[in-house]
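Notes to accompany the following structure.
Below, read A as the first sequence line, B as the second, and so on, with proteins coming before strands; counting in each chain starts at 1.
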There are 2 protein chains.
Amino acid sequence: MTAGAASESQEASKADLVHRLLREQIELGELAPGTPLSELPLVERTGASRTPVREALRRLAAEGLVDLVPRQGARVSRVSLQSVRDLFDFRGLLEPAAVRQATDAAAIDPQLRRSFTSMRSEFARIQRRAPSQARSRAFYELADRFDWAVIGATRNEHLRRTIAELRPHTTRLRNLSHVDPQRVDVSVAEHLVICDALLRGDADVAAGKTAEHLARSVETIFRNLARGPGDGLDLLG
Amino acid sequence: MTAGAASESQEASKADLVHRLLREQIELGELAPGTPLSELPLVERTGASRTPVREALRRLAAEGLVDLVPRQGARVSRVSLQSVRDLFDFRGLLEPAAVRQATDAAAIDPQLRRSFTSMRSEFARIQRRAPSQARSRAFYELADRFDWAVIGATRNEHLRRTIAELRPHTTRLRNLSHVDPQRVDVSVAEHLVICDALLRGDADVAAGKTAEHLARSVETIFRNLARGPGDGLDLLG
DNA sequence: GTATGCGATTCTGTATACAGGACGTAGTAC
DNA sequence: GTACTACGTCCTGTATACAGAATCGCATAC
């Protein structure tokens, strides 16, 4: 594992590094929507030359994290209400199908099954914790691992790649909005239900509950938005 | 239109041109799966320098038309039976949803409605023609226009972009396989049914028939494949 | 005859230099 | 005082040069 990581960091091109750096900063909201990303400043900041920086920007543009205006340059993409709707509608189309495939895979692959079983008990443990900042963080970290496990268990390559490409958008949206402890409660319970159905081999329920979970998530985001921008949801960039 | 095309060709960067050239050649099967795409030969062939050529290759790799091995270069991506299944399964997930949105859009937008009405009558006209090479070509050209109209009428940007990215794969698959006149017959009829439901505003039927159409298409491809590679389906590249 | 090692060639990954276009600003004219 | 124009600066798009890695072929040793 260590050797793997070492050879990875050796194998990673500078374009990969710059791409990952920028993607993480955009995900975390450190680079606010609308921030200009000119190449030369990035060359200074990253130490790479313009060629890898260019490639990183193009890749980010393909992922939709960066808007590229032909002779004007790159900016961190803005987040509109419509884009949030689009994102969750699209996830609602894809992720239930992915959960379905993951359910089938977990029924066959014992190691995958153990992995989901373990995450299920972690969700249960979080459920018993008192609401706190740390609890929310733990939940999101676990939910991320769960989502990646589902992605990894998705047989269909197109489906897998497309969902994976959406994750930075989802993460960014979470980091741009505020944590709603009540929503975390519900979300933990929803993940438990999905885990149970998945482990039970009930793909229909697992997929259905995933769709419901996404619908409730976007509902919460919009409700919090309706409280006004003073509440912290600062999407217009 | 002419001025538009002129300004377009002025606006298009060399990277765009190289990208389009290669994509078309891959779609048409002129560049067979597995063909190495080294940068220097492409520089000579296209007249562009390495930078735009690189960008075009990276873009094609992101679209899945080219496989990029880290320190080894680019090859036209190979087409496996699994990748065909994956492609059509994924399309079966996305395109019914897109047809649904197009149905809603056509109910509101009169110009869009006229466009679909006109294509419906073109399908009907093709149906009455005698089977021939030209008839198949006319059908595929029209089916392409129909698909693009649906894509254009898809509100959800993620859905629209993802489906659009799949089209080169579909086109390539068609050009790598042989035309099955019997399948064209059925396919024309299926498109008529979809058009009718779409124009009638019946999104459920339009979506359902789209899913059926895709399922039958992939079935035909696999059946023709089962007849053996001598039949012309030369997918292994 | 076969296997192994060394060398040459080719290619990618990266850096950098150059040209053309866009935007902002300042100055001038009305 | 305002609007328009011209100039300067910045930035992208493109070309090209250089270094390191990988692969292929050939020669040699067993």
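- Applying the ring pair (Phe, Tyr, Trp, His ring centres under 6.0 Å) test to every pair with at least one member in residues 82-104 of chain B, sequence neighbours left out, gives these pairs: His158(A)-Phe90(B).
- Regarding Glu55(A), its CD atom lies at a distance of 15 Å from the P atom of dG13(D), rounded to whole Å.
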Using atom names, set out every protein N or O paired with an N or O of nucleotides 7-13 of chain C below 3.5 Å, distance rounded to 0.1 Å.
residue : atom : partner  : partner atom : Å
dT12(C) : OP1  : Glu39(B) : N            : 3.2
dT12(C) : OP2  : Glu39(B) : N            : 3.2
dT12(C) : O3'  : Pro70(B) : O            : 3.1
dG13(C) : OP1  : Pro70(B) : O            : 2.2
dG13(C) : OP2  : Arg58(B) : NH2          : 2.4
dG13(C) : N7   : Arg50(B) : NH2          : 3.0
dG13(C) : O6   : Arg50(B) : NH1          : 2.7

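- Taking side-chain N and O atoms only, Ser49(A) has a distance below 4.0 Å to OP1 or OP2 of dA15(C).
- For Thr51(B), the side-chain hydrogen bond (donor to acceptor under 3.5 Å, both in side chains) test picks out no residue, with sequence neighbours left out.
- For residues 19-64 of chain A, no residue pair satisfies the ring pair (Phe, Tyr, Trp, His ring centres under 6.0 Å) rule, not counting sequence neighbours.
- For the side-chain hydrogen bond (donor to acceptor under 3.5 Å, both in side chains) test, no residue two or more places apart in sequence or in another chain qualifies with Glu157(A).
- Distance CG (Leu42(B)) to C1' (dA15(D)): 16 Å, rounded to an integer number of Å.
- Screening residues 94-113 of chain B for salt bridge (Lys or Arg N to Asp or Glu O under 4.0 Å), with sequence neighbours left out, gives Arg91(B)-Glu95(B), Arg100(B)-Asp204(B).
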